[in-house]
Protein chains: 2
Amino acid sequence: MQNTTLKKISEILGISISTVSRALKHHPDISLKTRQKVIDLAETLDYEPNASAVQLRTKNSKLLGLMVPTVSNYFYETFISAVEEDARKQGYSVMILQSGNDPAIELDNLKLFRQNRVSGVFTCLSSSTTDLKGFERMREMDIPVVFFDNVPDVSGIHKICMADEKSAQLAAELILQHPYQSILAIFGNPQLSITKKREAALQQAFQSHPNIQLLIEHAHNSDEARTISNSMLNKHLPDIIFCMSDEVLIGVLKTIQEKGLRYPDNIALLTISNGTIPKLFHPQITYIETSGEKMGHLAFSHMLDCINGNADPKELLVDALLVQGGSL
Amino acid sequence: MQNTTLKKISEILGISISTVSRALKHHPDISLKTRQKVIDLAETLDYEPNASAVQLRTKNSKLLGLMVPTVSNYFYETFISAVEEDARKQGYSVMILQSGNDPAIELDNLKLFRQNRVSGVFTCLSSSTTDLKGFERMREMDIPVVFFDNVPDVSGIHKICMADEKSAQLAAELILQHPYQSILAIFGNPQLSITKKREAALQQAFQSHPNIQLLIEHAHNSDEARTISNSMLNKHLPDIIFCMSDEVLIGVLKTIQEKGLRYPDNIALLTISNGTIPKLFHPQITYIETSGEKMGHLAFSHMLDCINGNADPKELLVDALLVQGGSL
DNA sequence: AACATTTCCGCAAACCATTGCGGAAATGTT
DNA sequence: AACATTTCCGCAATGGTTTGCGGAAATGTT
């Protein structure tokens with residue numbers, strides 16, 4: 001079967017293409033009788049508007065771009081899932097691209113977004129991106145960009161972030177409620193905006209407690225976190241390990257299991273996470289929630305505002321929430 | 001800045017649109033001098049072909065559809081990641097939609113794929129889909145559909161599956177190498193094709209070992225698996241628990257941890273998984289690998305064959321592989 | 001019956017890129 | 001110099017949809 005087009009319908013019905021087009025969108029110019037005929041035929045012929053033609057004519061695509069370093073990540077997948085869900089409800093579709101943390105691919109992907117005339121782009125910066133020129137170009141073409149999670153450190157753009165400071169503060173508060181004296185805090189890639197913010201806030205929180213020993217380390221991935229925690233734990237057993245992310249947590253948990261340590265008895269644990277990993281273990285790991293889902297919903301609603309032209313560039317925060325487990 | 005179009009370039013250079021178009025694709029009709037001028041200007045003006053116009057004219061989009069029940073899943077995310085990666089290398093982009101296991105949404109999504117004139121669709125059936133009419137329509141429009149993971153139980157279509165039988169056989173073999181007498185096997189949703197195949201193969205493998213007690217249960221999600229394993233373990237402690245998937249495994253591990261059981265000492269564990277979850281634990285859980293990544297790569301290369309018209313409908317298998325951990 | 005309104009529909013341009021065909025200019029051949 | 005070739009480029013149609021504008025037919029008004 002060929003594709004059904006307005007033209008085909010118009011020929012069968014012996015009316016003009018424009019009448020068909022208008023009838024299909026309930027334009028008042030078209031009489032009810034004609035309208036019904038058209039709609040019925042369109043129905044039986046399974047008419048489906050050609051999205052390319054529509055977009056070409058209206059310059060208004062129902063496509064959104066979404067770029068992350070990799071889809072395969074506990075956090076991003078929930079973000080993506082939430083965005084796609086909301087998008088569907090609003091008639092938008094999502095085109096998903098991965099940067100692989102490669103700025104060159106990131107640039108290519110932006111180009112693809114432009115070529116496909118997406119109506120907006122959600123993006124989490126690759127960890128090594130320093131040049132924002134590609135994103136400038138989006139602005140020139142009036143394509144709104146909503147950054148999330150790892151965002152550029154400039155103002156005048158749309159960003160959706162975790163309440164990084166608050167989550168670190170929450171963590172600090174919780175730790176201070178216990179008599180812990182020695183803390184090992186493992187953070188991720190120090191180039192990431194989230195790392196910087198969380199680290200600064202945590203340090204800040206303990207500044208007024210000089211008696212508490214705070215040791216800070218950085219791991220670029222789970223394996224590094226494992227190695228670091230292992231060598232650290234060989235020298236000295238802190239009272240608690242704070243993990244900045246699931247990635248770090250995974251490495252730390254490996255070490256703890258390998259060493260046969262039990263939490264919270266031998267050592268306490270606290271992490272920032274969306275919950276997936278903490279909930280796999282028993283006792284459940286206590287965590288400060290960074291919900292990719294919440295962030296996704298917030299990002300989408302903000303994107304809608306951007307598209308409709310009523311959103312000033314600003315930074316929105318997803319609130320941090322303590323989820324009690326049994327790890328401290 | 002406005003969008004750069006062929007027309008704009010042609011006006012600036014004082015030549016025709018068609019010449020610009022041809023120059024940009026190195027058509028031999030265009031002299032080197034003109035060609036260079038065009039290419040240079042296009043470069044400085046950041047010319048980017050309008051994908052909609054191209055697709056409208058050529059009826060050949062560089063878009064692929066991918067539909068899964070949810071993106072947020074240990075297995076699908078790796079599949080998606082692999083497909084997107086390969087697609088990018090071949091100049092394709094991926095439009096990702098979720099069905100939420102709802103046949104109605106599934107239908108809507110297929111419609112979206114058609115409207116966007118995707119060149120092909122990867123899809124994992126929603127668990128409750130019984131009617132394949134929506135997919136018929138794809139065939140009518142000559143849009144190749146490659147099913148993966150949970151696939152329709154009919155022939156004459158393209159499907160990429162795990163070697164479900166083999167993986168169950170591998171599991172059985174491994175179990176039989178140990179003196180286990182009592183097995184608890186927990187499967188997922190009994191409607192899924194993968195469930196049926198794996199279950200049948202496992203039963204088959206133990207048919208010739210009537211002295212071994214094989215108890216089969218079904219869980220629709222992790223929580224059910226947890227409940228089931230919990231109540232089972234209260235009555236009777238099997239020698240080994242076999243889990244059909246990560247989802248099941250997660251629930252079982254919860255129970256095991258809650259009861260303070262240790263594997264492989266108190267009870268042995270074996271699962272089918274892509275490895276993410278098994279590797280989080282120590283000792284690592286032994287698993288039969290179902291690599292979403294491998295499946296993704298295979299699916300993509302098969303899709304390419306389909307698009308190029310040289311692929312008969314058939315079922316391709318991703319080989320099963322034993323990954324030794326320390327759980328049995 | 002003559003005029004003013006309203007109702008309903010079609011023409012044609014526009015969006016942007018692609019491509020078969022034909023034609024002018026430049027070059028080659030005798 | 002007259003013709004045949006080759007080189008290079010433009011015309012115009014095409015793909016499917018949207019939309020401003022104008023016009024014919026139907027209805028209403030006096």
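A quick note: this is a predicted structure, and the numbers were derived from the prediction, not measured.
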Query raised in the report: Does CG belonging to Asn308(A) count more than 12 external heavy atoms closer than 6.0 Å?
Result: yes
Report task. Check if the side chain of Arg22(A) and the base of dG10(C) share a donor-acceptor pair of N or O atoms closer than 3.5 Å. Result -> yes
Query raised in the report: Nearest-Å distance, CD1 (Ile17(B)) to P (dT14(D))?
Result: 17 Å
Query raised in the report: Between Asn116(B) (CG) and dG15(D) (P), how many Å, whole number?
Result: 21 Å
Query raised in the report: Should Lys89(B) and Glu85(B) count as an ion pair when the cut-off is N to O under 4.0 Å?
Result: yes
Report summary line: The residue, Ser21(A) or Val54(B), whose nearest nucleotide of DNA chain D is more 5′ is Val54(B)
Requested in this report: Could you tell me whether Ile15(B) contacts a base, only the sugar-phosphate backbone, or nothing, with contacts defined as non-hydrogen atoms closer than 4.0 Å?
Outcome: sugar-phosphate
Query raised in the report: Between dG10(D) atom C1' and Lys7(B) atom NZ, what is the distance in whole Å?
Result: 16 Å
Report task. Starting at atom CG of Asn50(A), determine the distance to atom P of dT14(D), rounded to an integer number of angstrom. Result -> 17 Å
Report task. Quickly work out the Asn60(A) CG to dA14(C) C1' distance and round it to whole Å. Result -> 16 Å
**Report entry** Nucleotide dG15(D), atom P - distance to CD of Gln55(B) in whole Å
**Finding:** 13 Å
Query raised in the report: Does the pair Lys133(B)/Glu136(B) count as a salt bridge with the N-to-O cut at 4.0 Å?
Result: no
Report task. Please list, chain by chain and in numerical order, all residues satisfying salt bridge (Lys or Arg N to Asp or Glu O under 4.0 Å) with Lys62(B), sequence neighbours excluded. Result -> none
Report task. Check the distance between dG10(D)'s C1' and Leu13(B)'s CG and give it to me in whole angstrom. Result -> 15 Å
Query raised in the report: Given dA17(C), is OP1 or OP2 found less than 4.0 Å from the side-chain N or O atoms of Tyr47(B)?
Result: yes
Query - Nucleic acid contacts of residues 24-39 of chain A, taken as heavy-atom distances under 4.0 Å to DNA chain D - result: Lys25(A)
Requested in this report: Measure the distance from CG on Leu56(A) to P on dA13(C) and round it to the nearest whole Å.
Outcome: 17 Å
Query raised in the report: Taking only side-chain nitrogens and oxygens of Ser16(A), does any of them come within less than 4.0 Å of OP1 or OP2 of dG10(C)?
Result: yes
Query raised in the report: Above 12 or not: heavy atoms from other molecules or residues under 6.0 Å from CG of Asp312(A)?
Result: no
**Report entry** Backbone of Ser81(B) reached by a side-chain donor or acceptor of Gln98(A) within 3.5 Å
**Finding:** yes
Query raised in the report: Do the side chain of Thr4(B) and the main chain of Leu45(B) share a donor and acceptor less than 3.5 angstrom apart?
Result: yes
Query raised in the report: Looking across every strand, which nucleic acid part, if any, lies under 4.0 Å from Thr5(B) by heavy atom: base, sugar-phosphate, or nothing?
Result: sugar-phosphate
Query raised in the report: So, the side chain of Ser126(A) versus the backbone of Ser99(A): is there a donor-acceptor pair under 3.5 Å, distance only?
Result: no
Report summary line: Paired runs of 3 or more consecutive Watson-Crick or G-U pairs involving DNA chain C, with both pairing distances under 3.5 Å, are C:1-30 with D:1-30
Report task. Measure from the side-chain heavy atoms of Ala53(B) and tell me the nearest of dA17(C), dA12(D), dC11(C). Result -> dA17(C)
Query raised in the report: How many angstroms lie between atom CG of Asn150(B) and atom NZ of Lys196(B), to the nearest 0.5 angstrom?
Result: 8.0 Å
Query raised in the report: For Lys59(A) and dC16(C), is the shortest distance between a side-chain N/O and OP1 or OP2 below 4.0 Å?
Result: yes
Query raised in the report: Can you tell me if Lys159(B) uses its side chain to pair, donor with acceptor, with the backbone of Asp149(B) under 3.5 Å?
Result: no
